[in-house]
Amino acid sequence: MKTPRTIVVGITGGIAAYKAVNIVRAFVLNGDSVHVIATPAALRFVGKPTLEAISRNPVHTDLYEGVAEVRHVAIGQGADLIVVAPATANSIAKIAAGLADDLLGNTILASTAPLVIAPAMHTEMWNNPATVANVAVLRSRGITIVGPGVGRLTGTDSGAGRMEEPDTIVAVALAVLDRAMPAGEAAASAVPDLAGRRVLISAGGTREPLDPVRFLGNRSSGKQGVALAQAALARGALVTLVAANLEVAVPTSITTVLVGSALEMHEAMTRAAGTADVIIMAAAVADYRPRSVQVGKIKKEDVGDTLTLELVKNPDILAELSTASRPGQLIIGFAAETETDADRLLALGRDKITRKGCDYLVVNRVGQDAGFGTERNTVTVLDRHGVIVNEVSGSKMSVANCILDLIG
Ligand code: C5P
């Protein structure tokens with residue numbers, strides 16, 4: 001039988017506190033022992049009897065109860081994992097500053113267990129530079145941040161700040177716990193160093209329609225992008241894949257948005273970028289599209305011997321996302337080039353990263369024999385100053401993992 005592990009669930013005062021009941025329940029059903037610490041504000045949103053019944057343990061709130069047993073130290077020392085969900089902007093600020101003015105703050109400070117935090121707040125509070133800085137501090141300490149998601153908030157408004165779904169928080173928290181204390185064979189095979197990070201990846205090649213049956217396309221199979229998505233998932237990330245005309249299957253566990261053309265990819269990437277911690281543009285996006293798409297099939301009887309296409313420029317998704325990136329967001333682009341001379345290939349990459357403004361650029365040579373559609377890849381990774389930070393040759397999965405190593 002599995003030995004129960006002790007999970008402390010800290011609940012702070014946000015409306016999402018009612019959803020924390022499902023998180024507590026999932027841990028209990030998983031066979032773990034759960035101790036809830038609710039702040040007084042949290043108990044205005046969800047009742048102590050509910051939490052005690054579901055967790056099957058007393059719920060603690062007050063620092064000055066049970067002083068003889070030095071409760072804050074006892075709970076902190078006994079924890080194998082602490083999960084704070086929902087974590088308000090205020091509680092995140094307090095944890096970042098190391099404040100200990102309530103039982104939860106004391107418990108966190110007195111514990112060496114891994115900490116998973118699920119923020120929940122209004123979009124403005126999440127985007128406030130103070131919160132951005134506090135979250136960065138927590139991340140730099142190795143604390144796992146799950147979410148927030150985008151969606152309907154408490155009122156009629158919607159945006160980033162909604163607490164991540166309880167199932168996702170539980171999955172990420174258990175991955176962190178398995179890493180800290182492997183539960184036999186269930187332990188993850190890959191190190192979940194990206195647990196809770198939202199990674200948005202584009203893959204495949206866009207098709208620019210000419211008429212209902214024809215398109216302008218490219219040879220990208222999407223293998224490198226899918227390998228990136230699989231590797232990120234195995235490392236605990238919350239992955240969204242924007243997939244254009246893939247030649248490879250995608251595991252069902254990866255959230256996938258199917259697109260066809262560059263404009264569709266532009267829309268999907270722009271929509272998903274707001275909550276992404278990391279964006280990787282591995283797709284081969286057409287630089288141009290036909291100015292107009294014919295309603296019916298283009299017929300040679302109508303056209304004659306020469307068909308002239310007028311093309312217009314597509315938006316540069318990578319450049320746009322880089323310009324609009326928010327603090328702490330990491331953006332990685334690809335440069336697929338046919339140049340065979342290594343020095344000139346590098347010069348093209350350096351020129352491209354300056355134009356695109358992304359954090360890293362993965363430069364690879366493509367052609368009939370290399371890159372597109374093959375099982376292996378050879379890449380050089382440049383940082384934003386054009387300095388080579390890695391050179392890798394191997395399977396697309398091993399290249400993917402080297403690229404993911406860039407995520408701090
Ligand atoms: O300019 P070029 O196509 O060589 O740039 C390659 C990088 O830019 C890739 O990361 C690709 O996904 C991205 N790209 C883009 N939007 C375009 C063209 C390319 O995001 N319209």
Side-chain angles (χ1 to χ4, degrees), residues 199-209 215-229 232 240-246 257-274 276 278-291 311-325 329-340 344-367 370-373 377 379-384 386 389-390 396 399-400 402-404 406-407:
V199 179
L200 172 64
I201 299 168
S202 71
T206 65
R207 291 179 178 175
E208 310 304 308
F215 56 82
L216 298 175
N218 61 65
R219 290 178 178 278
S220 175
S221 62
K223 283 182 186 165
Q224 185 62 73
V226 171
L228 276 159
T240 299
L241 183 71
V242 174
N245 314 297
L246 301 183
V257 182
L258 296 177
V259 296
S261 65
L263 287 183
E264 287 169 14
M265 177 165 281
H266 178 245
E267 196 192 328
M269 291 298 291
T270 307
R271 188 173 304 148
V278 180
I279 300 172
I280 307 178
M281 276 297 301
V285 185
D287 291 326
Y288 296 92
R289 67 179 182 278
R291 179 179 288 284
L311 304 180
V312 291
K313 214 166 184 185
N314 274 325
D316 190 318
I317 307 167
L318 177 61
E320 267 188 29
L321 296 179
S322 300
T323 305
S325 70
Q329 194 176 47
L330 189 84
I331 303 190
I332 303 174
F334 271 70
E337 302 289 351
T338 50
E339 175 61 62
T340 49
R344 283 203 294 265
L345 180 64
L346 211 53
L348 285 173
R350 290 191 169 124
D351 184 45
K352 188 158 291 183
I353 196 163
T354 310
R355 275 188 285 114
K356 302 271 185 178
C358 50
D359 296 293
Y360 294 102
L361 192 74
V362 181
V363 184
N364 65 330
R365 198 179 75 74
V366 292
F372 281 0
N377 213 354
V379 305
T380 301
V381 184
L382 302 178
D383 71 8
R384 56 165 61 249
V389 291
N390 208 346
K396 288 191 170 172
V399 168
C402 289
I403 293 169
L404 295 177
L406 298 167
I407 305 171

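Both ligands and their constituent atoms are indexed starting at 1 by order of listing.
For Asp359 (side chain) and Ile331 (main-chain N/O), a donor-acceptor pair under 3.5 Å exists by modelled atom type.
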Could you list each N/O atom of ligand 1 together with any protein N/O atom closer than 3.5 Å, one pair per line with the distance?
| residue | atom | partner | partner atom | Å |
| --- | --- | --- | --- | --- |
| ligand 1 | 1 (O) | Lys356 | NZ | 3.0 |
| ligand 1 | 4 (O) | Lys352 | NZ | 2.2 |
| ligand 1 | 5 (O) | Lys356 | NZ | 3.0 |
| ligand 1 | 8 (O) | Lys356 | NZ | 3.1 |
| ligand 1 | 10 (O) | Met281 | O | 2.7 |
| ligand 1 | 10 (O) | Phe334 | N | 2.9 |
| ligand 1 | 10 (O) | Phe334 | O | 3.2 |
| ligand 1 | 12 (O) | Met281 | O | 3.4 |
| ligand 1 | 12 (O) | Ala283 | O | 2.6 |
| ligand 1 | 16 (N) | Ile317 | N | 3.0 |
| ligand 1 | 20 (O) | Ile317 | N | 3.3 |
| ligand 1 | 20 (O) | Leu318 | N | 2.7 |
| ligand 1 | 21 (N) | Pro315 | O | 2.9 |

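Contact of the Arg289 side chain with the Val312 side chain is registered, since non-hydrogen atoms from C-beta on lie closer than 4.5 Å.
Of the residues listed (Val257, Val242, Asn314), the one engaging Met265 in a side-chain contact (heavy atoms from CB on, under 4.5 Å) is Val242, and it is the only one.
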Inset, instruction - Quick one: do Lys352 and Leu348 satisfy side chain to side chain contact (heavy atoms under 4.5 Å, CB included)? Show the steps, please. - result: CA-CA 6 Å; Lys352 188 158 291 183; Leu348 285 173; over 6 Å; no

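Between the CD1 atom in Ile332 and the SG atom in Cys358 there is a gap of 8.5 Å [rounded to 0.5 Å]. Between the CD atom in Glu320 and the NZ atom in Lys356 there is a gap of 10.5 Å [rounded to 0.5 Å].
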